[in-house]
Each structure stands twice: as structure tokens, then as C-alpha cells.
Amino acid sequence: MISQKENQPINLLSFPSAWNHLSFPSKLPSKYLKIALFVKKWPHRSLAGGLERHALTLHLALAKRGHELHIFTTSPSNSSFPRYPMSNLYFHLSKPTAAGYLDQAIVWKQFQTQNSTGKAFDIVHTESVGLLHTRSRNLTNLAVTWHGIAYETIHTDIIQELLRNPDEQQAYALTERITKVVEEVRFFPHYAHHVATSDHAGDILRRIYMIPEERVHVILNGVDEEIFKPDPSKGEAFKQKFGVAKSRSLVLGMAGRLVKDKGHPLMFEALKQMLVENGTFRENTIVLIAGDGPWGDRYRDLGTNTLVLGPLEQAQLASFYNAIDIFVNPTLRAQGLDHTLLEAMLSGKSVMSTRVASITGSVIVSTEIGYTFSPMVVSLKNALYRVWEDGRRVLEMKGQASRQRGLQLFTATKMAAAYERLFLCISNDNSKREDYCQYQSPFN
């Protein structure tokens, strides 16, 4: 698609694919932006979900490139707030509401104060509904990044209902979700620009939510390529530290919250059956699990074939990825773009995940990279047996292809460059807007 237009500039605001596919110059921009960010919680150490990790990675990268960042977020209740050695990074803290969200009246007053102090904000960015549409409707220089929308979540609800035990009470999430979709279709247009974190979500925003294409932009998540990279020595040291025997010819890895909607009941049942029915698989396989949650103790019940490590810091996670042969993400959540998959890919590992549109459309796009399965025990078992039969050499080849795709699309550098260009394009300074909104291939 790009090659067909290589002799003429592309209008970025109407570009239908992920901006990560484009190559933006690495030199510092000719102008620096004053950026306001609204995010309900700022990550603290390993206690962060995907939305918070996205906010941290992206906005620290933008601050390092010289932009002035003002972050409106909630104050932590039980810990001190992290400090960063940057003079252009400002935090405006407020007490969260009873539900844990930003108090809109307080943060809006904080925003107005900063907006009238010195230079006005060039860009306003909100991570999902950090800033509600009731406040955002008149901000033309605003972009909202969606980490999950109700229409995507319908798939999750269907999966949960199919996996429900007969003795469990039927959930009414599907009925409620339809109402939520209708609400979102009505209020989403009050945000000026929308960033989808997967190709699938971008398609939904354009078709189902009927947002004009020039206001929908796909920028895939990225992770720090300086932290997550191949380092076999770290992997060997990690395995030695946790007593992983060299006789284990297949090391599976999982990371994240060990909860139901992340697919751990499904993974637990698949592993339980395989360890009983196949003695060779039991003798040669071990599963390393980074994270905590209700399913941690269940995994421990599987014996010496599983090792629950608890939550790990980023540096420890980097060693963890290097210690495994393949990363498995059994998520039942059909929305967003899971950071753990991207971290594993940049670490040079093959990946395996549930066959949901956000993942198959943006991440595991071919069997050269990894494996996918339907969210049913039999399908997951078949995929795990294929991995076992393929063996370590095949997994290493897939891992190399996986890393190449990761470097092309999923680095923090690529993500930050795309957001920076979008922000320059839609900022309230009209002097160079046309230049920033046009893209000319650097390979012409």
C-alpha cells in the first residue's frame, strides 16, 4: 500500500494502517510541545496494568525527547510516588474518587490553572476515560487512546459464558454490554481524535462507532527495546537461580495477573490433563509463571512442573523471557494489545496466544512467529503438543522471526515517534500543521 504511493505524500490523518509501519526521523523535532496527560493511575514498580505501562513508557519517552509533560493522576494511598530526574516532567496529584477514578472537577481545575500559566497546552492526551467526554468535548487538540472498548469485550463475554461451569450462575454481562456499546457510540464523538492500540480496534471505531476515518489513528503499543532483548546468559542465570534443571527440554512461560479473564482456568486445566496423560511431557516440561493472583496456588498444586515466581520488576522480567523457550498468553480478553506478548517478542521468543482479533490481526500474524488456539481446553492442548513436538530448534527460528517483527513495530521508540508526529499534527499551533500531517517516505 505504501509502495503504491511512494512518489506522493500521504495524509497521515487518513492513513488506514498502523503508524508503526511508517519511518519517522529520529532527530529531535523543530518544536517542543506542552502536553497534558490524564491517566487515572501512574504505575508503581511492578504493580501496573497495560494502560498504566503504556502511559509510563510513552510519556517518559516523550519527556526524554524534550517535550514538557504535565501528568494529571491520582495520588497513591499506600506508597510514595516515584521520582524521575527530568525537569520537564510535572505531576499534578489528586485524591481518587471512591471508585478509584480521577475526580473530574479537581483535575479540570488543575488543568485550567496550568493551561493559563505561561504557554497553553499544545496537546491534551487521555488514556481511555481519564478525562471524561463531558470535559473534553470542546478540546480540538485532544487525543484519546483506547485500551479496550465495549464492542471488543462482547467476544470476551461470549467466551466466559461458553466456559462457565453448569453450577455457576449465568452472567448477564452480554445484555449489559450491548447497552454499554450504545453509550460509547453516543459519547465517543465528543473526543476530537482517537488512537486505537490494535488494527482491529481501529476498524471497529471506524465502522461500528462511525467515527470519521480522519479522526481514528492506529498506533500499536510498544515496549522498551533497551530492556527487552535477547541475552542468553541472563536466561541461564535466571534458570540456575530458580533451580530449573537442564533436563527440562521445554520451558514454557507466562506473565501477568493470574486471574480468570486472563485465561488461567483454561491453562490450568490443559496443563493438568497433559501432565496426567503424557509421562514424557511431564518429565521434560516446566512452566515458569511470573505474576500473582488467585490462580497462583492452583498452579502450585501441579507440583514440580510449575514454578510460580510472583510479580517481577522489569529487569527481572527481561531475564525471565530469556529463560523460557516460548511465551504463552491464554487470555480470554479480546480487547487491547497485551504488553507481555510484545516484551517476549523483543526478547527473541516465539509466542502463543488465544485466537482473538486484536492479537491475530496485529501480533501473531503468521505461523512463522508463533501459535494461536481457540479458547477451549482441547484446542489449547493441541497447540501445546505442537510446541512440544516442534522442539527447541524450531522455537528458536520462530523466535528470530518474532523479534524481527517486534523491532519493526513494537518498540517504545516506534510508538513514541508515531505519537509525537500525531501530536505535532493536531496541536493547537497551526504554523506547521500541514507539514506534520503529511508523510513522505524516506526511501524515495
Side-chain angles (χ1 to χ4, degrees), residues 1-6 8-29 31 33 35 37 50-51 54-55 57-59 61-62 65 67 122-128 141-147 149 191-206 211-225 336-337 339 341-342 345-346 357-359 361-363 365 404-427 432-444:
M1 178 184 60
I2 296 173
S3 63
Q4 290 176 346
K5 298 183 178 182
E6 62 184 0
Q8 57 181 321
I10 297 171
N11 178 3
L12 284 172
L13 293 183
S14 298
F15 186 63
S17 300
W19 289 33
N20 308 60
H21 290 285
L22 305 174
S23 296
F24 298 106
S26 59
K27 65 180 182 180
L28 296 177
K31 60 177 280 190
L33 300 170
I35 303 171
L37 165 69
L51 183 152
H54 176 272
T57 303
L58 170 60
H59 296 91
L62 291 173
R65 287 185 59 79
H67 301 291
D122 297 295
I123 280 293
V124 181
H125 182 213
T126 173
E127 298 278 7
S128 291
N141 60 334
L142 177 140
V144 53
T145 297
W146 297 113
H147 296 273
I149 53 182
Y191 293 100
H193 290 270
H194 302 253
V195 180
T197 57
S198 72
D199 297 275
H200 178 61
D203 180 58
I204 291 172
L205 290 174
R206 296 182 186 105
I211 298 170
E213 64 174 19
E214 66 272 13
R215 292 170 56 193
V216 177
H217 322 291
V218 179
I219 302 178
L220 307 175
N221 289 342
V223 296
D224 195 330
E225 66 269 32
L337 206 61
H339 285 77
L341 282 170
L342 313 184
M345 291 175 72
L346 283 173
S358 59
I359 292 173
S362 300
V363 185
V365 295
Q404 286 306 307
R405 181 166 179 81
L407 289 173
Q408 290 169 3
L409 298 177
F410 302 128
T411 66
T413 300
K414 293 285 289 189
M415 176 180 70
Y419 271 95
E420 180 182 74
R421 188 61 171 267
L422 173 64
F423 289 170
L424 288 166
C425 173
I426 66 174
S427 72
K432 285 192 175 183
R433 179 177 292 183
E434 291 301 320
D435 293 341
Y436 288 121
C437 293
Q438 297 293 318
Y439 177 82
Q440 188 77 43
S441 172
F443 306 110
N444 290 345

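Numbers for residues simply follow the sequence, beginning at 1.
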Straight-line distance of H67 NE2 to D122 CG, nearest 0.5 Å: 9.5 Å
Beyond-backbone contact of W146 with S128, side-chain heavy atoms, under 4.5 angstrom: yes
G336 backbone acceptor or donor facing S358 side chain under 3.5 Å: yes
Where L346 and G406 come nearest, the two heavy atoms and their spacing: CD2-C, 3.5 Å
Distance (rounded to the nearest 0.5 Å) between M345 CE and Q408 CD: 9.5 Å
Residue pair S198 / L337: nearest heavy atoms and the distance that separates them: CB-CD1, 4.3 Å
CA sep, side-chain torsions, deciding dist, call: T145, T126, side chain to side chain contact (heavy atoms under 4.5 Å, CB included): CA-CA 6 Å; T145 297; T126 173; over 6 Å; no
Atom pair CG (L422) and CZ (F15), whose distance is rounded to the nearest 0.5 Å: 13.0 Å
CE-CD distance between M415 and E420, expressed to the nearest 0.5 angstrom: 12.5 Å
ring-ring contact (aromatic ring centres under 6.0 Å, His included) assessment of F423 paired with Y436: CA-CA 9 Å; F423 289 170; Y436 288 121; over 10 Å; no
Validation row: Y419, H125 side chains within 4.5 angstrom (heavy atoms): yes
Side chain to side chain, R206 and V218, heavy atoms closer than 4.5 Å: yes
Heavy-atom side-chain proximity of F410 to V223 below 4.5 angstrom: no
Validation row: F24, L12 side chains within 4.5 angstrom (heavy atoms): yes
Flag, side chain of K414 to backbone of W19, donor-acceptor distance under 3.5 Å: no
Closest non-hydrogen atom pair, R421 against Q438: NH2-O, 2.6 Å
Flag for S362-D199: side-chain donor and acceptor within less than 3.5 Å: yes
Sole candidate of T411, V363, L409, L220 that passes side chain to side chain contact (heavy atoms under 4.5 Å, CB included) when paired with L342: V363
S14 versus E214, closest heavy-atom pair with distance: OG-CB, 4.1 Å
Any donor-acceptor pair under 3.5 Å from R65 side chain to S26 backbone: yes
Any L424 side-chain heavy atom under 4.5 Å of L33 side chain: yes
Side chain proximity check, I123 to S427, heavy atoms < 4.5 angstrom: yes
Considering all heavy atoms, the nearest A55-E127 contact: CA-OE2, 3.4 Å
Interatomic spacing from OG1 in T57 to CG in N221 - rounded to 0.5 Å: 9.0 Å
E225 side chain to A412 backbone, donor-acceptor under 3.5 Å: yes
NE2-CD1 distance between H200 and I149, expressed to the nearest 0.5 angstrom: 7.5 Å
